[in-house]
Number of protein chains: 2
Amino acid sequence: MPKIGMEPVRRRALVDAALQVIGDQGTLSVTMSDIARKAGVSPALAHHYFGSKEQLLTETIRFLLRQLRQDTVRALQAAELPRDRISAIIRVSFQADQFAPETIAAWLAFYSEAQRSEATRRLLVIYARRLHSNLVDSLKRLCSADDAHRIAEGTAAMIDGLYIRRALGSSPVTAEASMRLTDDYITLNLQALSSLTDTDKGHAA
Amino acid sequence: MPKIGMEPVRRRALVDAALQVIGDQGTLSVTMSDIARKAGVSPALAHHYFGSKEQLLTETIRFLLRQLRQDTVRALQAAELPRDRISAIIRVSFQADQFAPETIAAWLAFYSEAQRSEATRRLLVIYARRLHSNLVDSLKRLCSADDAHRIAEGTAAMIDGLYIRRALGSSPVTAEASMRLTDDYITLNLQALSSLTDTDKGHAA
DNA sequence: TATTTTTGATTGACCCATCAATCAATAAAA
DNA sequence: TTTTATTGATTGATGGGTCAATCAAAAATA
């Protein structure tokens, strides 16, 4: 069996397995045995490659983050206009794999973990900042910096909130409806701002 | 030591303690010992009154929910106009005790638990439904039922999302800013709808 | 090519700590 | 005395982490 160069293969398999198990059980309180079994290896091997459960979990969230960034970069490359870029960012957040119940369950578990683990918190803050600054970059081309900040904050919150509600599984929050809701929020804000600069600045009482 | 009629006192103390410990540690993986110690009793007594850890936790989330409902009812009694009632609902969501980091950490932990525990999920769904229907009730007096639904969905998502972002502790999300952001979302939507029914239904290109 | 050596890959068995849950015993009211 | 309140001691189960040992491919050597 033992061919050389198994390390990267095993690491990847274990991270994948961790993601699956965490997503299934909806918690980080999964055992190394669970993860190892899913990956088809012994618990000892998981320790051998990752040193500790904590490090395996850290690698796992890093993987999630990396994936999300790649998707975002790709989506942004295909969009030129600021308004289109914003929609692209939103679309990535709700794309199939990200919005899958297991993935969301995993995210939720990591958010909860961030209350205890400074390392986890730092990683999630990176995600939050990245989303925010991506939004602000494009928004700035459409409104003032202040407004851009405010709108970005609201948009990010709405995205995160839709995730949570999806996690609960109440009210059939589809990916499409979520996208539309978030995109409308952007449109609404921009419209409101532009109507202020129009000749008529009020409406009938 | 043993006075009679201690049961309600102990139950309440244990639920309070559970809330504190869960909030501090940001997880439901707290020990009965932790909770009991905080409440100033032995772990055995906690089992005596609640039977199991799971039941104590269920009681704890019920307590949270009850508290939130009472606050909401009270806030709604003081508000007459639909638009004011909406603001009141929003205000309750971000009031001091609800928006405290420990409280949010506890909520987050329960959301995570809902992935596993059907009982917990059901309780959280109740909260979600209540928030939604409270919003819809007032919104319906200001717009169509369809729009009311949509706006309520967006508002609820934004509230939940602001909670999460607060939990992360990134970007100083104050309670006031959160309220304003959410309330603006309502205003923006209602304005957009009303402007559609105005005589002039467009703006300069 | 055949043989030996080396090294990465892998695991079963074990240790130790933690924790939920139980129970028998004690102490104070009623 | 009967009931209620309370706890210390105990236990069975679980899970992270360690370690010595095994196995097989690859590399070096004859």
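We name chains A, B, ... by the order of the sequence lines, and we start the count at 1 in each one. Computed from a predicted structure; not experimentally measured.
- Here the side chain of B:His47 is nearest to one of C:dA21, D:dG16, C:dT10, namely C:dA21.
- As judged by a 4.0 angstrom heavy-atom cut-off over every strand, B:Val30 is placed among residues touching the sugar-phosphate backbone only.
- The nearest whole Å value for the distance from the CD1 atom in A:Ile35 to the P atom in D:dG17 is 11 Å.
- Looking at A:Tyr185 and B:Asn189, their side chains never bring a donor and an acceptor atom within 3.5 Å of each other.
- Here B:Arg83 pairs with B:Asp183 in a salt bridge; the nearest charged N to carboxylate O distance falls below 4.0 Å.
- Atom-to-atom, CZ of A:Arg11 to P of C:dA9 comes out at 11 Å; the value is rounded to the nearest Å.
- Of the candidates D:dG16, D:dA5, C:dT22, D:dA5 carries the atom nearest the B:Glu7 side chain, counting heavy atoms from C-beta on.
- Checking the phosphate oxygens (OP1, OP2) of C:dG8, no side-chain nitrogen or oxygen of A:Tyr49 falls inside 4.0 Å.
- Taking atom CG on B:Leu45 and atom C1' on D:dT4, their separation rounds to 11 Å, with Å as the unit.
- Note on B:Arg10: a side-chain N or O is less than 4.0 Å away from OP1 or OP2 of D:dT6.
- Nearest to the side chain of A:Val41, among C:dT11, D:dG16, C:dA20, sits C:dT11.
- Between B:Met32 atom CE and D:dA9 atom P the separation is 20 Å, expressed in whole Å.
- By the 4.0 Å N-to-carboxylate-O rule, B:Arg165 lies close enough to A:Glu153 to be salt-bridged with it.
- For B:Asp34 and C:dT18, the CG to C1' distance is 11 Å, given to the nearest whole Å.
- Side-chain polar atoms of B:Ser87 and B:Asp84 form no donor-acceptor pair below 3.5 angstrom.
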Write down the protein N/O and nucleotide N/O pairs, taken from nucleotides 12-17 of chain C, whose separation is under 3.5 Å; answer none if there are no such pairs.
none

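- Side chains of B:Thr187 and B:Asp184: no donor on one and acceptor on the other come within 3.5 Å.
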Could you list the donor-acceptor pairs under 3.5 angstrom formed between side-chain atoms of residues 8-28 of chain B and any protein atom two or more places apart in sequence or on another chain?
| unit_1 | atom_1 | unit_2 | atom_2 | d |
| --- | --- | --- | --- | --- |
| B:Arg11 | NH1 | B:Glu7 | OE2 | 3.3 |
| B:Arg11 | NH1 | B:Tyr49 | O | 3.0 |
| B:Arg12 | NE | B:Asp16 | OD1 | 3.3 |
| B:Arg12 | NE | B:Asp16 | OD2 | 3.2 |
| B:Thr27 | OG1 | B:Ser29 | N | 3.0 |

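- A salt bridge links A:Arg150 with A:Asp147: the distance from a Lys NZ or Arg NE/NH1/NH2 to an Asp or Glu carboxylate oxygen falls below 4.0 Å.
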